[in-house]
Amino acid sequence: MNPLMTLRIALRALLRNRMRSFLTMLGIIIGVAAVIAMVAIGEGAKAQVEASFAAMGTNLLIVMPGATNAGGASGGFGTGPTLTWDDLKAIQTELASVRAAAPVLRRSTQLVSDEQNWSTSVNGVTPDYFSLRSWAMEKGNGLTQQDVDSATKVVVLGATVASKLFGASSDPVGMNVRIGNVPFLVVGVAAKKGQSSTGQDFDDVAFIPVTTYQRKIQGGLQKYLSGQIYVQAVSDVTKAEKDVRELLRDRHHLAVNDDDDFSVRNLTEIAGAQAEGKQTLTLLLASVAAVSLLVGGIGIMNIMLVSVTERTREIGVRMALGAKPRHILSQFLVEALTLALFGGLIGVALGVGAAGRLAIQFGWPMKIRTDVTLIAVGFSAFVGVVFGLYPARKASKLDPIQALRFE
Amino acid sequence: MAAARQAPAAAPDALIKLEAIRKTYVMGDTEVHALAGVTLEIAHGEFVAIMGSSGSGKSTLMNIVGCLDRPTSGRYWLAGDEISRMSVNELAEIRNSQIGFVFQNFNLLARTTALENVELPLVYAGVSAKERHRRAAQALEKVGLGTRTDHTPSQLSGGQQQRVAIARALVSAPKLILADEPTGALDSKTSVEVMALLQELWKAGITVVLVTHEPDVAEFAARVIVVRDGLVKEDRRQTPKPAIPAAPVPAAVDEAAAPPAPPKPETPEAGGAA
Ligand SMILES: Nc1ncnc2c1ncn2[C@@H]1O[C@H](COP(=O)(O)OP(=O)(O)OP(=O)(O)O)[C@@H](O)[C@H]1O
Ligand SMILES: [Mg+2]
């Protein structure tokens, strides 16, 4: 009796009871599909978080006025001002661990073109800001140091704002928009960045020189920098964070026991923590799905036990005609294994399909983990063997006479 | 198969030699002596009918002779090999290669064609698929069912099913065919057909042992052994009456017009033959 023969006998027995075989496999199918889809969801979510943090910029710190409160770092806008323009200069010039630092002043304002208006976040920045966020221009040249020095009335539009004001296909460079009744010349459209991990549109934004912002939007120059400072570390973000903190504490004359009157957000750390959160979620989902695989295995055992009882006389006949216990054992074991493996493969197809659909639905990359897929299929085969073994052994240990007499 | 063990006690021409065979079933605190010390020899090429009342131990005896069961005590040689101490696997090989079984209730695999049913012993003998088909078709031809190879048991009459079972018993060219009440589920006309087949096999040199309740059926055998209370009570030889079926078997029987099958015995659920 070769293995192929055994497989054919098993397949025929399973095909004879198609509906029952399918229902038995269903547990495994759902289990495997669930494991694959759940892991894909978790991985997709993780990849999306990582991508959106990468879009923020690498090695980035955000320094904000005001202490970190219990709910985490607050927005930074609207808290009492503590950061000064001199603080910015000090960060830019005194710290070896800092590559560049740029101010970001922000207010929600209406932009008006000839045909449309659109309310967006207007940011006062310097050219450094774009290099910090590795944010290129899609059209036009963008802001220059010259624009900042002479506070020219020029604006760079985010991709969303450009299309809202001028339509998706047009080139707004050289056109005028009015911000708070002041006409600004469009000198660039920033490349598309996509969404943040919280679903906020990075491209719904407009940039003007920080000096122009102070004069035209804020209304006059001030000692305090009423916004955030974006800081890019040379390489070691943790070192840069520590240096910035020490520098600001020193400059703000804080005593050893005083709390910081500013806060520093380390985006790399936040990204890591969020990705880790998604990882935990993935694990949780996968283990719930794995339990359903186990339940599927128990289903196989149940049906195999029923099948052995139903086919007791068949077993007796086979034994009388010369089947050895191991022939009977392998016949039933292969049946269980076939159910589990087939179920596993259908489950993979279903799981990959579901993962693909979900990825499209949520707009994140489809992440099928080959290792997880192999483990899921391997595990279902394992389940088939483990849960098939008991019924198969039971069948092989039957006494031929008892089996032949079975009613 | 187990290495041929030297069996000094067995006569050279004895196919079956039983020596003080006992089979005792313990039911709670009572003992049932199904066989109470049977000593018996059956030579190569005999045609034996075992008779006796219900519960006398006929089936128990057949099961031991057929290597399906082991005696509680006593010794048994088949073709010179001592069976009593063989392993489960060795017994399976003996059943596969040396013995053909015919059961009262046919015991064909349901929803499995006649050809595949007949192939079954060859599957466990490790015969190649092509050779299996050839030999199974040949065996079905021999029992007059050459045109019924694709029929499943439910599409065959009782007599036809029993002939498929006989084809299955002879397909591995055994020395011995054991039939426990092969006509028990058949009407008298069909019984004669089955007996004619068994006589034919016997004439071809196969040893046939059958169990029957009916004296009419026992007449076709050359030796009658009567069992009572687990012991051989009578052992006589006779001139067998030739079994002549009403219509000649095999080929000319119009199977479609065969008499309706007697109450259909259950067939075991099948997992398929091949
Ligand atoms: N598994 C068993 N457990 C207990 N007692 C048994 C068992 N098998 C058979 N017996 C007993 O052994 C005795 C002989 O049984 P056996 O089946 O050999 O009778 P039989 O001659 O074939 O009868 P019948 O003509 O009705 O088929 C009976 O008394 C029966 O009850
Ligand atoms: Mg009996």
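Lettering of chains follows the sequences in order, A, B, ..., and the numbering in each one begins at 1. This structure is a prediction, so every number in the text was calculated from the model and none was measured.
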S.K.: Kindly determine whether A:Lys324 and B:Val88 satisfy side-chain contact (heavy atoms from CB on, under 4.5 Å), including the steps that lead there.
M.R.: CA-CA 8 Å; A:Lys324 294 175 183 173; B:Val88 171; over 6 Å; no
S.K.: Just wondering, are more than 12 heavy atoms of other shown residues or ligands nearer than 6.0 Å to CZ in A:Arg20?
M.R.: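 Enclosed: over 12 neighbouring heavy atoms sit under 6.0 Å from CZ of A:Arg20.
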S.K.: Quick check for you: to the nearest 0.5 Å, what is the distance between A:Gln402 atom CD and B:Asp69 atom CG?
M.R.: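 It comes to 8.5 Å.
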S.K.: Testing the basics here: between A:Ala323 and B:Ala92, what is the closest heavy-atom pair and its distance to 0.1 Å?
M.R.: O-CB, 3.9 Å
S.K.: If you draw a 6.0 Å radius around CD in A:Gln279, do more than 12 non-hydrogen atoms from other residues or ligands fall strictly inside?
M.R.: yes
S.K.: If you draw a 6.0 Å radius around CG in A:Asp399, do more than 12 non-hydrogen atoms from other residues or ligands fall strictly inside?
M.R.: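 Yes, enclosed.
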S.K.: Measure from the side-chain N and O atoms of A:Arg16 to the backbone N and O of B:Arg111, and report whether any donor-acceptor pair falls under 3.5 Å.
M.R.: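 Checking the backbone N and O of B:Arg111 against the side chain of A:Arg16, a donor-acceptor pair under 3.5 Å is found.
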S.K.: Could you go step by step and tell me if A:Leu321 and B:Arg168 meet the side-chain contact (heavy atoms from CB on, under 4.5 Å) rule?
M.R.: CA-CA 9 Å; A:Leu321 299 181; B:Arg168 183 179 67 183; 3.5 Å; yes
S.K.: If you compare all heavy atoms of B:Tyr124 against all heavy atoms of A:Gly322, which two are closest, and at what distance to 0.1 Å?
M.R.: CB-O, 3.8 Å
S.K.: Just wondering, do B:Leu68 and A:Leu404 contact through their side chains at under 4.5 Å, heavy atoms?
M.R.: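 Counting from C-beta outward, A:Leu404 and B:Leu68 do come under 4.5 Å.
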S.K.: Would you please test B:Val123 and A:His327 for side-chain contact (heavy atoms from CB on, under 4.5 Å) and show each step?
M.R.: CA-CA 10 Å; B:Val123 167; A:His327 291 140; over 6 Å; no
S.K.: What distance separates B:Leu120 CG from A:Ile9 CD1, expressed to the nearest 0.5 Å?
M.R.: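 Between B:Leu120 CG and A:Ile9 CD1, I get 7.0 Å after rounding to 0.5 Å.
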S.K.: Around atom CZ of A:Phe379, are there more than 12 heavy atoms of other residues, nucleotides or ligands at under 6.0 Å?
M.R.: yes
S.K.: Over all heavy atoms of both residues, which pair between A:Ala320 and B:Phe101 is shortest? Give the atoms and the distance, please.
M.R.: O-CE1, 3.4 Å
S.K.: Are more than 12 heavy atoms from other residues, nucleotides or ligands located less than 6.0 Å from atom CZ of A:Arg393?
M.R.: no
S.K.: Sub-3.5 Å donor-acceptor pair from the side chain of A:Arg313 to the main-chain atoms of B:Asn107, do we have one?
M.R.: no
